[in-house]
There are 2 protein chains.
Amino acid sequence: MSTLTKELLDESSMRGRGRPRDEDARARILQAAIQILESTCFINATADAIAERAGASKATIYRWWPNKEAVFIEALRETTAQELPFPDTGDLREDIRQQLHNFVKLLTGRRGRTFKAFIAAGQSDPEVAEAFRNLWIKPRRAQTRAVLERHQQAGRIAPEIDLECFIDLLYGPFYLRLVGGHRPLTPALADAITDMALAAATHSLSESVDGSGETIRSVPDPAL
Amino acid sequence: MSTLTKELLDESSMRGRGRPRDEDARARILQAAIQILESTCFINATADAIAERAGASKATIYRWWPNKEAVFIEALRETTAQELPFPDTGDLREDIRQQLHNFVKLLTGRRGRTFKAFIAAGQSDPEVAEAFRNLWIKPRRAQTRAVLERHQQAGRIAPEIDLECFIDLLYGPFYLRLVGGHRPLTPALADAITDMALAAATHSLSESVDGSGETIRSVPDPAL
DNA sequence: GATTTTCGAAACTTTCCGGTATCGTAATTT
DNA sequence: AAATTACGATACCGGAAAGTTTCGAAAATC
(Lines give C-alpha, C1' and ligand atoms only; values in the text may rest on other atoms or scores of the structure.)
Protein backbone atom coordinates (compact mmCIF):
# COMPACT_ATOMS: atom_id res chain seq x y z
CA MET A 1 0.00 0.00 0.00
CA SER A 2 2.93 2.36 0.63
CA THR A 3 5.91 3.01 -1.62
CA LEU A 4 6.94 -0.60 -1.75
CA THR A 5 5.85 -1.34 -5.30
CA LYS A 6 8.62 0.54 -7.02
CA GLU A 7 10.76 -1.29 -9.51
CA LEU A 8 9.27 -4.69 -10.01
CA LEU A 9 10.10 -7.58 -12.30
CA ASP A 10 12.25 -6.90 -15.31
CA GLU A 11 10.30 -3.89 -16.38
CA SER A 12 13.44 -1.96 -15.52
CA SER A 13 14.72 -2.90 -18.95
CA MET A 14 11.84 -1.20 -20.76
CA ARG A 15 11.85 1.85 -18.52
CA GLY A 16 12.49 5.13 -20.30
CA ARG A 17 14.57 7.96 -19.07
CA GLY A 18 12.26 10.29 -17.23
CA ARG A 19 10.56 10.06 -13.88
CA PRO A 20 8.85 6.70 -13.54
CA ARG A 21 5.15 6.26 -12.99
CA ASP A 22 4.10 6.70 -9.40
CA GLU A 23 2.68 3.27 -8.56
CA ASP A 24 1.51 4.57 -5.25
CA ALA A 25 -0.60 7.22 -6.94
CA ARG A 26 -2.07 4.51 -9.15
CA ALA A 27 -3.13 2.53 -6.10
CA ARG A 28 -4.56 5.61 -4.42
CA ILE A 29 -6.60 6.48 -7.50
CA LEU A 30 -8.08 3.00 -7.80
CA GLN A 31 -8.85 2.89 -4.11
CA ALA A 32 -10.48 6.31 -4.25
CA ALA A 33 -12.62 5.19 -7.17
CA ILE A 34 -13.95 2.19 -5.28
CA GLN A 35 -14.51 4.17 -2.11
CA ILE A 36 -16.57 6.71 -3.99
CA LEU A 37 -18.73 4.00 -5.54
CA GLU A 38 -19.16 2.49 -2.10
CA SER A 39 -20.27 5.71 -0.47
CA THR A 40 -22.29 7.67 -2.97
CA CYS A 41 -23.83 6.72 -6.28
CA PHE A 42 -22.25 6.82 -9.68
CA ILE A 43 -23.72 10.26 -10.09
CA ASN A 44 -21.21 11.71 -7.67
CA ALA A 45 -18.36 9.67 -9.02
CA THR A 46 -16.73 12.46 -10.97
CA ALA A 47 -13.15 12.62 -12.11
CA ASP A 48 -12.57 15.57 -9.83
CA ALA A 49 -13.88 13.61 -6.86
CA ILE A 50 -11.50 10.75 -7.57
CA ALA A 51 -8.55 13.10 -7.91
CA GLU A 52 -9.35 14.94 -4.73
CA ARG A 53 -9.88 11.83 -2.66
CA ALA A 54 -6.75 10.20 -4.03
CA GLY A 55 -4.67 13.28 -3.48
CA ALA A 56 -3.76 13.09 -7.13
CA SER A 57 -4.12 15.29 -10.15
CA LYS A 58 -6.77 14.86 -12.80
CA ALA A 59 -3.96 15.06 -15.32
CA THR A 60 -2.43 11.97 -13.76
CA ILE A 61 -5.69 10.09 -14.11
CA TYR A 62 -6.14 10.93 -17.75
CA ARG A 63 -2.51 10.14 -18.50
CA TRP A 64 -2.96 6.49 -17.59
CA TRP A 65 -6.62 5.83 -18.25
CA PRO A 66 -8.52 6.77 -21.39
CA ASN A 67 -11.59 7.89 -19.47
CA LYS A 68 -13.30 7.87 -16.14
CA GLU A 69 -15.06 4.56 -16.66
CA ALA A 70 -11.80 2.73 -17.29
CA VAL A 71 -10.68 3.68 -13.80
CA PHE A 72 -13.79 2.20 -12.24
CA ILE A 73 -13.48 -0.94 -14.30
CA GLU A 74 -9.88 -1.52 -13.28
CA ALA A 75 -10.81 -0.78 -9.68
CA LEU A 76 -13.57 -3.38 -9.83
CA ARG A 77 -11.17 -5.92 -11.27
CA GLU A 78 -8.66 -5.46 -8.48
CA THR A 79 -11.08 -5.43 -5.58
CA THR A 80 -13.44 -8.24 -6.49
CA ALA A 81 -11.01 -10.69 -8.01
CA GLN A 82 -10.82 -12.99 -5.01
CA GLU A 83 -14.20 -12.44 -3.43
CA LEU A 84 -16.96 -14.93 -2.71
CA PRO A 85 -15.36 -18.28 -3.52
CA PHE A 86 -17.99 -21.01 -3.66
CA PRO A 87 -17.52 -23.45 -0.79
CA ASP A 88 -16.74 -27.02 -1.77
CA THR A 89 -17.16 -29.23 1.26
CA GLY A 90 -19.06 -31.99 -0.44
CA ASP A 91 -22.18 -31.13 1.55
CA LEU A 92 -24.47 -29.52 -0.99
CA ARG A 93 -26.80 -27.91 1.50
CA GLU A 94 -23.99 -26.47 3.53
CA ASP A 95 -22.17 -25.24 0.43
CA ILE A 96 -25.21 -23.37 -0.77
CA ARG A 97 -26.14 -22.06 2.65
CA GLN A 98 -22.66 -20.74 3.28
CA GLN A 99 -22.44 -19.12 -0.13
CA LEU A 100 -25.78 -17.37 0.11
CA HIS A 101 -25.04 -16.10 3.60
CA ASN A 102 -21.73 -14.73 2.39
CA PHE A 103 -23.47 -13.18 -0.57
CA VAL A 104 -25.95 -11.41 1.68
CA LYS A 105 -23.12 -10.15 3.83
CA LEU A 106 -21.37 -8.87 0.73
CA LEU A 107 -24.40 -7.13 -0.73
CA THR A 108 -25.47 -5.48 2.50
CA GLY A 109 -21.97 -4.10 2.94
CA ARG A 110 -20.12 -1.56 0.87
CA ARG A 111 -19.90 -3.87 -2.10
CA GLY A 112 -23.64 -3.79 -2.56
CA ARG A 113 -23.56 -0.13 -3.44
CA THR A 114 -20.70 -0.76 -5.82
CA PHE A 115 -22.72 -3.33 -7.69
CA LYS A 116 -25.77 -1.11 -7.89
CA ALA A 117 -23.61 1.64 -9.28
CA PHE A 118 -22.17 -0.67 -11.94
CA ILE A 119 -25.56 -2.03 -12.89
CA ALA A 120 -26.88 1.48 -13.23
CA ALA A 121 -23.93 2.81 -15.18
CA GLY A 122 -24.00 -0.25 -17.40
CA GLN A 123 -27.31 0.84 -18.84
CA SER A 124 -25.79 3.82 -20.58
CA ASP A 125 -22.28 2.50 -21.10
CA PRO A 126 -21.90 -0.89 -22.79
CA GLU A 127 -18.27 -1.20 -21.74
CA VAL A 128 -19.20 -0.85 -18.09
CA ALA A 129 -21.92 -3.45 -18.50
CA GLU A 130 -19.53 -5.84 -20.20
CA ALA A 131 -16.93 -5.29 -17.51
CA PHE A 132 -19.42 -6.08 -14.77
CA ARG A 133 -20.39 -9.24 -16.59
CA ASN A 134 -16.86 -10.39 -17.28
CA LEU A 135 -15.24 -9.32 -14.02
CA TRP A 136 -17.94 -10.20 -11.53
CA ILE A 137 -20.89 -12.19 -12.79
CA LYS A 138 -19.24 -14.67 -15.13
CA PRO A 139 -16.35 -15.70 -12.88
CA ARG A 140 -18.71 -16.34 -9.97
CA ARG A 141 -21.06 -18.29 -12.14
CA ALA A 142 -18.24 -20.35 -13.59
CA GLN A 143 -16.93 -21.28 -10.18
CA THR A 144 -20.40 -21.99 -8.87
CA ARG A 145 -21.09 -24.16 -11.86
CA ALA A 146 -17.90 -26.12 -11.42
CA VAL A 147 -18.83 -27.10 -7.88
CA LEU A 148 -22.45 -27.78 -8.73
CA GLU A 149 -21.44 -29.99 -11.63
CA ARG A 150 -19.56 -32.22 -9.26
CA HIS A 151 -22.57 -32.39 -6.97
CA GLN A 152 -24.73 -33.25 -9.93
CA GLN A 153 -22.39 -35.97 -11.12
CA ALA A 154 -22.37 -37.33 -7.60
CA GLY A 155 -26.14 -37.57 -7.79
CA ARG A 156 -26.92 -34.90 -5.25
CA ILE A 157 -28.59 -32.73 -7.88
CA ALA A 158 -31.15 -34.25 -10.20
CA PRO A 159 -29.64 -34.91 -13.62
CA GLU A 160 -32.33 -33.06 -15.54
CA ILE A 161 -31.64 -29.80 -13.70
CA ASP A 162 -30.23 -27.12 -16.01
CA LEU A 163 -27.41 -25.76 -13.90
CA GLU A 164 -27.39 -22.36 -15.59
CA CYS A 165 -31.01 -21.86 -14.66
CA PHE A 166 -30.35 -23.24 -11.22
CA ILE A 167 -27.62 -20.67 -10.70
CA ASP A 168 -30.05 -17.94 -11.73
CA LEU A 169 -32.48 -19.39 -9.22
CA LEU A 170 -29.83 -19.25 -6.51
CA TYR A 171 -28.59 -15.72 -6.99
CA GLY A 172 -31.53 -14.03 -8.69
CA PRO A 173 -33.58 -13.34 -5.56
CA PHE A 174 -30.73 -11.39 -4.00
CA TYR A 175 -30.11 -9.23 -7.02
CA LEU A 176 -33.84 -8.60 -7.13
CA ARG A 177 -33.93 -7.31 -3.58
CA LEU A 178 -30.76 -5.34 -4.23
CA VAL A 179 -32.21 -3.38 -7.11
CA GLY A 180 -35.86 -3.57 -6.08
CA GLY A 181 -35.49 -2.49 -2.51
CA HIS A 182 -38.93 -3.82 -1.64
CA ARG A 183 -37.51 -5.88 1.22
CA PRO A 184 -34.18 -5.92 3.03
CA LEU A 185 -31.45 -8.43 2.29
CA THR A 186 -31.33 -10.65 5.35
CA PRO A 187 -29.77 -13.95 6.39
CA ALA A 188 -33.32 -15.24 6.68
CA LEU A 189 -33.68 -14.87 2.94
CA ALA A 190 -30.48 -16.82 2.45
CA ASP A 191 -31.89 -19.62 4.56
CA ALA A 192 -35.21 -19.63 2.78
CA ILE A 193 -33.60 -19.69 -0.66
CA THR A 194 -31.28 -22.45 0.49
CA ASP A 195 -34.23 -24.60 1.53
CA MET A 196 -36.20 -23.95 -1.61
CA ALA A 197 -33.26 -24.31 -4.00
CA LEU A 198 -32.26 -27.56 -2.40
CA ALA A 199 -35.79 -28.87 -2.64
CA ALA A 200 -35.81 -27.89 -6.29
CA ALA A 201 -32.49 -29.56 -6.96
CA THR A 202 -33.38 -32.82 -5.24
CA HIS A 203 -37.07 -33.04 -5.93
CA SER A 204 -37.06 -35.32 -8.94
CA LEU A 205 -34.29 -37.17 -7.21
CA SER A 206 -36.48 -38.20 -4.30
CA GLU A 207 -39.26 -39.08 -6.70
CA SER A 208 -37.19 -41.37 -8.83
CA VAL A 209 -36.46 -43.26 -5.65
CA ASP A 210 -39.96 -44.54 -5.19
CA GLY A 211 -40.46 -46.52 -8.32
CA SER A 212 -40.64 -45.37 -11.90
CA GLY A 213 -37.34 -44.80 -13.64
CA GLU A 214 -39.35 -42.48 -15.86
CA THR A 215 -38.89 -39.02 -14.41
CA ILE A 216 -42.48 -37.97 -14.15
CA ARG A 217 -42.81 -34.47 -12.83
CA SER A 218 -46.07 -35.23 -11.13
CA VAL A 219 -47.57 -32.67 -8.82
CA PRO A 220 -49.95 -33.19 -5.96
CA ASP A 221 -53.49 -32.97 -7.24
CA PRO A 222 -54.07 -29.30 -8.04
CA ALA A 223 -57.61 -29.57 -6.68
CA LEU A 224 -56.43 -30.10 -3.12
CA MET B 1 -55.82 8.99 -27.72
CA SER B 2 -57.33 11.75 -29.90
CA THR B 3 -59.25 14.81 -28.78
CA LEU B 4 -61.92 12.82 -27.06
CA THR B 5 -60.82 13.46 -23.50
CA LYS B 6 -61.94 17.04 -23.36
CA GLU B 7 -64.32 18.03 -20.62
CA LEU B 8 -64.71 15.03 -18.39
CA LEU B 9 -66.50 14.48 -15.11
CA ASP B 10 -67.56 17.56 -13.23
CA GLU B 11 -64.20 19.22 -13.50
CA SER B 12 -65.99 21.75 -15.65
CA SER B 13 -67.08 23.38 -12.43
CA MET B 14 -63.56 23.99 -11.23
CA ARG B 15 -62.32 25.15 -14.61
CA GLY B 16 -60.94 28.68 -14.65
CA ARG B 17 -61.51 31.25 -17.30
CA GLY B 18 -58.67 30.95 -19.76
CA ARG B 19 -57.78 28.35 -22.34
CA PRO B 20 -58.06 24.88 -20.82
CA ARG B 21 -55.23 22.43 -20.57
CA ASP B 22 -54.57 20.55 -23.77
CA GLU B 23 -55.23 16.96 -22.70
CA ASP B 24 -53.99 15.76 -26.03
CA ALA B 25 -50.64 17.38 -25.45
CA ARG B 26 -50.48 15.71 -22.05
CA ALA B 27 -51.04 12.32 -23.64
CA ARG B 28 -48.44 13.01 -26.32
CA ILE B 29 -45.87 14.01 -23.72
CA LEU B 30 -46.40 10.89 -21.63
CA GLN B 31 -46.29 8.69 -24.69
CA ALA B 32 -43.12 10.35 -25.89
CA ALA B 33 -41.51 9.83 -22.52
CA ILE B 34 -42.22 6.11 -22.57
CA GLN B 35 -41.12 5.74 -26.17
CA ILE B 36 -37.82 7.36 -25.39
CA LEU B 37 -37.21 5.04 -22.47
CA GLU B 38 -38.10 2.12 -24.71
CA SER B 39 -35.71 3.08 -27.46
CA THR B 40 -32.66 4.63 -25.90
CA CYS B 41 -31.43 4.70 -22.34
CA PHE B 42 -32.21 7.20 -19.67
CA ILE B 43 -29.11 9.06 -20.71
CA ASN B 44 -30.82 10.30 -23.86
CA ALA B 45 -34.08 10.95 -22.11
CA THR B 46 -33.75 14.71 -21.95
CA ALA B 47 -36.54 17.19 -21.55
CA ASP B 48 -35.81 18.54 -25.00
CA ALA B 49 -36.12 15.08 -26.49
CA ILE B 50 -39.53 14.59 -24.92
CA ALA B 51 -40.74 17.96 -26.14
CA GLU B 52 -39.52 17.39 -29.65
CA ARG B 53 -40.97 13.89 -29.95
CA ALA B 54 -44.27 14.98 -28.45
CA GLY B 55 -44.51 18.03 -30.68
CA ALA B 56 -44.90 20.06 -27.52
CA SER B 57 -43.04 22.84 -25.86
CA LYS B 58 -40.67 22.42 -22.97
CA ALA B 59 -42.61 25.18 -21.24
CA THR B 60 -45.73 23.04 -21.42
CA ILE B 61 -43.91 20.17 -19.78
CA TYR B 62 -42.65 22.24 -16.90
CA ARG B 63 -46.02 23.87 -16.44
CA TRP B 64 -47.63 20.58 -15.48
CA TRP B 65 -44.77 18.56 -14.06
CA PRO B 66 -42.28 19.76 -11.48
CA ASN B 67 -39.35 18.08 -13.19
CA LYS B 68 -38.32 15.61 -15.82
CA GLU B 69 -38.51 12.58 -13.56
CA ALA B 70 -42.14 13.25 -12.66
CA VAL B 71 -43.05 12.87 -16.32
CA PHE B 72 -41.41 9.47 -16.53
CA ILE B 73 -43.01 8.37 -13.30
CA GLU B 74 -46.49 9.32 -14.46
CA ALA B 75 -45.81 7.67 -17.80
CA LEU B 76 -44.82 4.48 -16.02
CA ARG B 77 -47.97 4.61 -13.94
CA GLU B 78 -50.21 4.90 -16.95
CA THR B 79 -48.57 2.28 -19.12
CA THR B 80 -47.96 -0.48 -16.62
CA ALA B 81 -51.07 -0.21 -14.51
CA GLN B 82 -52.88 -3.16 -16.05
CA GLU B 83 -49.97 -5.30 -17.15
CA LEU B 84 -49.08 -8.83 -16.16
CA PRO B 85 -52.06 -9.97 -14.09
CA PHE B 86 -51.27 -13.19 -12.27
CA PRO B 87 -53.36 -16.04 -13.64
CA ASP B 88 -55.75 -17.67 -11.20
CA THR B 89 -57.00 -20.90 -12.68
CA GLY B 90 -56.61 -23.03 -9.59
CA ASP B 91 -53.84 -25.00 -11.27
CA LEU B 92 -50.69 -23.84 -9.50
CA ARG B 93 -48.25 -25.14 -12.08
CA GLU B 94 -50.15 -23.63 -14.96
CA ASP B 95 -50.59 -20.32 -13.13
CA ILE B 96 -46.87 -20.01 -12.55
CA ARG B 97 -45.90 -21.23 -15.98
CA GLN B 98 -48.23 -18.78 -17.69
CA GLN B 99 -47.06 -15.89 -15.56
CA LEU B 100 -43.37 -16.52 -16.12
CA HIS B 101 -43.84 -16.92 -19.85
CA ASN B 102 -45.73 -13.64 -19.97
CA PHE B 103 -43.02 -12.03 -17.88
CA VAL B 104 -40.33 -13.17 -20.30
CA LYS B 105 -42.37 -11.82 -23.19
CA LEU B 106 -42.71 -8.50 -21.39
CA LEU B 107 -39.04 -8.16 -20.50
CA THR B 108 -37.75 -9.10 -23.94
CA GLY B 109 -40.02 -6.49 -25.48
CA ARG B 110 -39.89 -2.76 -25.18
CA ARG B 111 -40.89 -2.83 -21.58
CA GLY B 112 -37.64 -4.54 -20.63
CA ARG B 113 -35.67 -1.48 -21.64
CA THR B 114 -38.05 0.72 -19.70
CA PHE B 115 -37.44 -1.27 -16.56
CA LYS B 116 -33.70 -1.21 -16.98
CA ALA B 117 -33.88 2.54 -17.39
CA PHE B 118 -35.89 2.92 -14.20
CA ILE B 119 -33.63 0.63 -12.23
CA ALA B 120 -30.63 2.59 -13.41
CA ALA B 121 -32.14 6.01 -12.78
CA GLY B 122 -33.37 4.87 -9.40
CA GLN B 123 -29.81 4.56 -8.18
CA SER B 124 -29.26 8.29 -8.30
CA ASP B 125 -32.84 9.45 -7.73
CA PRO B 126 -34.67 8.05 -4.70
CA GLU B 127 -38.03 9.25 -6.00
CA VAL B 128 -37.61 7.27 -9.19
CA ALA B 129 -36.62 4.21 -7.21
CA GLU B 130 -39.63 4.58 -4.96
CA ALA B 131 -41.91 5.05 -7.93
CA PHE B 132 -40.63 1.89 -9.58
CA ARG B 133 -41.20 0.00 -6.35
CA ASN B 134 -44.67 1.37 -5.74
CA LEU B 135 -45.93 1.40 -9.31
CA TRP B 136 -44.47 -1.80 -10.65
CA ILE B 137 -42.86 -4.14 -8.16
CA LYS B 138 -45.20 -3.91 -5.20
CA PRO B 139 -48.52 -4.19 -7.08
CA ARG B 140 -47.28 -7.28 -8.94
CA ARG B 141 -46.02 -8.83 -5.77
CA ALA B 142 -49.25 -8.10 -3.95
CA GLN B 143 -51.34 -9.70 -6.63
CA THR B 144 -49.01 -12.65 -6.92
CA ARG B 145 -49.10 -13.08 -3.18
CA ALA B 146 -52.88 -13.01 -3.08
CA VAL B 147 -53.13 -15.88 -5.55
CA LEU B 148 -50.33 -17.85 -3.94
CA GLU B 149 -51.91 -17.49 -0.53
CA ARG B 150 -55.01 -19.20 -1.79
CA HIS B 151 -52.90 -21.99 -3.23
CA GLN B 152 -51.11 -22.30 0.07
CA GLN B 153 -54.32 -22.41 2.08
CA ALA B 154 -55.58 -25.04 -0.30
CA GLY B 155 -52.52 -27.09 0.53
CA ARG B 156 -50.83 -26.85 -2.83
CA ILE B 157 -47.92 -24.95 -1.36
CA ALA B 158 -46.21 -26.22 1.76
CA PRO B 159 -47.34 -24.24 4.80
CA GLU B 160 -43.81 -23.43 5.97
CA ILE B 161 -42.96 -21.68 2.70
CA ASP B 162 -42.39 -17.95 3.17
CA LEU B 163 -44.35 -16.53 0.28
CA GLU B 164 -42.33 -13.33 0.10
CA CYS B 165 -39.17 -15.32 -0.39
CA PHE B 166 -40.94 -17.60 -2.81
CA ILE B 167 -41.98 -14.62 -4.89
CA ASP B 168 -38.36 -13.48 -4.96
CA LEU B 169 -37.44 -16.97 -6.07
CA LEU B 170 -39.99 -16.79 -8.86
CA TYR B 171 -39.12 -13.42 -10.34
CA GLY B 172 -35.50 -12.96 -9.25
CA PRO B 173 -33.89 -15.05 -11.98
CA PHE B 174 -35.50 -12.93 -14.69
CA TYR B 175 -34.43 -9.64 -13.19
CA LEU B 176 -30.96 -11.09 -12.86
CA ARG B 177 -30.74 -11.95 -16.53
CA LEU B 178 -32.27 -8.59 -17.38
CA VAL B 179 -29.58 -6.57 -15.62
CA GLY B 180 -26.79 -9.12 -15.88
CA GLY B 181 -27.05 -9.86 -19.55
CA HIS B 182 -25.01 -13.02 -19.15
CA ARG B 183 -27.69 -15.11 -20.83
CA PRO B 184 -30.76 -14.27 -22.89
CA LEU B 185 -34.27 -14.24 -21.44
CA THR B 186 -35.97 -17.22 -23.04
CA PRO B 187 -39.16 -19.21 -22.58
CA ALA B 188 -36.90 -22.12 -21.68
CA LEU B 189 -35.86 -20.25 -18.58
CA ALA B 190 -39.50 -19.72 -17.69
CA ASP B 191 -40.10 -23.45 -17.96
CA ALA B 192 -37.04 -24.33 -15.91
CA ILE B 193 -37.93 -21.88 -13.16
CA THR B 194 -41.49 -23.17 -13.17
CA ASP B 195 -40.31 -26.71 -12.59
CA MET B 196 -37.85 -25.79 -9.89
CA ALA B 197 -40.13 -23.35 -8.09
CA LEU B 198 -42.92 -25.88 -8.05
CA ALA B 199 -40.63 -28.53 -6.68
CA ALA B 200 -39.54 -26.08 -3.99
CA ALA B 201 -43.10 -25.19 -3.10
CA THR B 202 -44.34 -28.76 -2.88
CA HIS B 203 -41.27 -30.56 -1.59
CA SER B 204 -42.01 -30.56 2.11
CA LEU B 205 -45.60 -31.20 1.16
CA SER B 206 -44.83 -34.58 -0.34
CA GLU B 207 -42.58 -35.34 2.59
CA SER B 208 -45.08 -34.46 5.29
CA VAL B 209 -47.34 -37.01 3.67
CA ASP B 210 -45.23 -39.96 4.63
CA GLY B 211 -45.25 -39.81 8.38
CA SER B 212 -44.06 -37.22 10.82
CA GLY B 213 -46.32 -34.29 11.47
CA GLU B 214 -43.14 -32.54 12.51
CA THR B 215 -41.97 -30.63 9.47
CA ILE B 216 -38.45 -31.95 9.27
CA ARG B 217 -36.56 -30.46 6.40
CA SER B 218 -34.62 -33.60 5.75
CA VAL B 219 -32.65 -33.97 2.59
CA PRO B 220 -31.57 -37.10 0.80
CA ASP B 221 -28.26 -38.22 2.23
CA PRO B 222 -25.67 -35.68 1.00
CA ALA B 223 -23.15 -38.48 0.46
CA LEU B 224 -25.18 -40.04 -2.32
C1' DG C 1 24.41 18.78 -15.00
C1' DA C 2 21.38 18.25 -19.01
C1' DT C 3 17.43 15.78 -20.57
C1' DT C 4 13.31 13.45 -20.09
C1' DT C 5 9.18 12.11 -18.06
C1' DT C 6 6.04 12.36 -14.32
C1' DC C 7 3.90 14.64 -10.69
C1' DG C 8 0.14 17.88 -8.25
C1' DA C 9 -2.38 22.06 -8.68
C1' DA C 10 -5.32 24.75 -10.96
C1' DA C 11 -7.12 27.29 -14.68
C1' DC C 12 -9.39 26.54 -18.74
C1' DT C 13 -12.45 25.03 -22.71
C1' DT C 14 -16.24 22.69 -24.26
C1' DT C 15 -20.38 20.46 -24.12
C1' DC C 16 -24.61 19.28 -22.35
C1' DC C 17 -28.83 19.78 -19.99
C1' DG C 18 -32.38 21.26 -16.54
C1' DG C 19 -35.16 24.83 -15.93
C1' DT C 20 -36.91 29.74 -16.83
C1' DA C 21 -38.40 33.72 -19.44
C1' DT C 22 -40.23 35.96 -23.52
C1' DC C 23 -43.36 36.36 -27.27
C1' DG C 24 -46.92 36.02 -30.41
C1' DT C 25 -51.01 33.10 -30.91
C1' DA C 26 -55.05 30.11 -29.78
C1' DA C 27 -58.92 28.79 -26.88
C1' DT C 28 -62.14 29.69 -23.41
C1' DT C 29 -65.03 32.52 -19.98
C1' DT C 30 -67.52 36.64 -18.75
C1' DA D 1 -64.99 42.56 -27.01
C1' DA D 2 -62.09 42.06 -22.89
C1' DA D 3 -59.76 39.27 -19.83
C1' DT D 4 -57.53 35.11 -18.84
C1' DT D 5 -54.97 31.11 -19.40
C1' DA D 6 -52.50 27.66 -22.24
C1' DC D 7 -50.00 26.77 -26.26
C1' DG D 8 -45.49 26.16 -29.35
C1' DA D 9 -41.20 28.08 -30.46
C1' DT D 10 -37.12 29.75 -29.08
C1' DA D 11 -33.74 32.14 -26.72
C1' DC D 12 -31.54 32.31 -22.56
C1' DC D 13 -29.31 31.30 -17.88
C1' DG D 14 -26.62 28.68 -14.73
C1' DG D 15 -24.35 24.79 -13.20
C1' DA D 16 -21.89 20.61 -13.66
C1' DA D 17 -18.63 17.72 -15.37
C1' DA D 18 -15.34 15.51 -18.98
C1' DG D 19 -11.18 16.19 -20.68
C1' DT D 20 -7.04 19.46 -21.88
C1' DT D 21 -3.50 22.60 -21.03
C1' DT D 22 -0.15 25.13 -18.43
C1' DC D 23 3.21 25.48 -14.93
C1' DG D 24 6.68 24.77 -11.63
C1' DA D 25 8.69 20.96 -9.10
C1' DA D 26 10.31 16.15 -8.49
C1' DA D 27 12.50 11.91 -9.95
C1' DA D 28 14.72 9.24 -12.94
C1' DT D 29 18.49 8.39 -16.99
C1' DC D 30 22.64 9.62 -19.52
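Letters go in sequence order (proteins before strands), and every chain restarts at 1.
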Distance in angstrom units between B/Ile43 CD1 and D/dA17 C1', rounded: 12 Å
Using a 6.0 Å cut-off, check whether atom CD of B/Glu127 has over 12 heavy atoms from anything other than its own residue. no
With heavy atoms under 4.0 Å as the rule, sort A/Lys68 into base, sugar-phosphate or nothing. sugar-phosphate
Considering only heavy side-chain atoms of A/Lys58, the closest of D/dG8, D/dA18, D/dA27 is D/dA18
To the nearest Å, how far apart are B/Glu52 CD and C/dG18 P? 14 Å
Lys/Arg-Asp/Glu bridge criterion (N-O < 4.0 Å) met for A/Asp168, B/Arg183: no
Within a radius of less than 6.0 Å around CD of A/Glu149, do more than 12 heavy atoms belonging to other residues, nucleotides or ligands occur? yes
Please report the distance, rounded to the nearest Å, between OH in A/Tyr62 and C1' in C/dA10. 15 Å
With a 4.0 Å cut-off on heavy atoms, is B/Arg26 in touch with a base, just the backbone sugar-phosphate, or nothing at all? nothing
Rounded to the nearest Å, what distance is computed from the CG atom of residue A/Asp22 to the P atom of nucleotide D/dA27? 10 Å
From the set D/dA3, C/dG19, C/dA10, return the single nucleotide nearest to any side-chain atom of B/Arg17. D/dA3
Which part of the nucleic acid, if any, lies within reach of A/Trp64 when heavy atoms closer than 4.0 Å are counted: base, sugar-phosphate only, or nothing? sugar-phosphate
From the options C/dG8, D/dG19, D/dA25, select the nucleotide whose nearest atom is closest to the side chain of A/Arg19. D/dA25
Please report the distance, rounded to the nearest Å, between CG in A/Asp125 and C1' in D/dA18. 13 Å
So, is the end of the B/Arg21 side chain (NZ or CZ) under 6.0 Å from the ring centre of B/Trp65 and within 45° of the ring's axis? yes
Verify the contact: side-chain N or O of A/Arg28 to OP1 or OP2 of C/dC7, cut-off strictly under 4.0 Å; return yes or no. no
Check ion pair A/Asp22-A/Arg26 (N to O, under 4.0 angstrom): no
Taking for each residue the nucleotide of DNA chain C with the nearest heavy atom, is it A/Ala25 or B/Asn67 whose nucleotide lies nearer the 5' end? A/Ala25
Identify which nucleotide among C/dG8, C/dG19, C/dC17 has an atom closest to any side-chain atom of B/Thr46, counting heavy atoms from C-beta outward. C/dC17
Taking the side chain of B/Arg63 as its heavy atoms from C-beta onward, which of D/dA2, C/dA21, D/dC7 lies nearest to it? D/dC7
For a quick check of understanding: with a heavy-atom distance under 4.0 Å over all strands, which category does A/Ala51 fall into, base, sugar-phosphate or nothing? nothing
For C/dA26, take OP1 and OP2 only and decide whether either is under 4.0 Å from a side-chain N or O of B/Arg21. no
Parallel, tilted or perpendicular: which one describes the rings of B/Phe103 and B/Tyr171, with boundaries at 30° and 60°? perpendicular
Want to settle it: does B/Pro20 or B/Asn44 sit nearer the 5' end of DNA chain C, counting the closest nucleotide to each? B/Asn44
Rounded interatomic separation in angstrom, taking CD1 from A/Ile50 and C1' from D/dA18: 11 Å
Measure from CD1 on A/Ile61 to C1' on C/dA9 and round the result to the nearest Å. 13 Å
What is the distance, rounded to the nearest whole Å, between atom CG of B/Asp48 and atom P of D/dT10? 12 Å
What nucleotide among D/dT20, D/dG8, C/dT20 has an atom nearest to a side-chain atom of B/Thr60? D/dG8
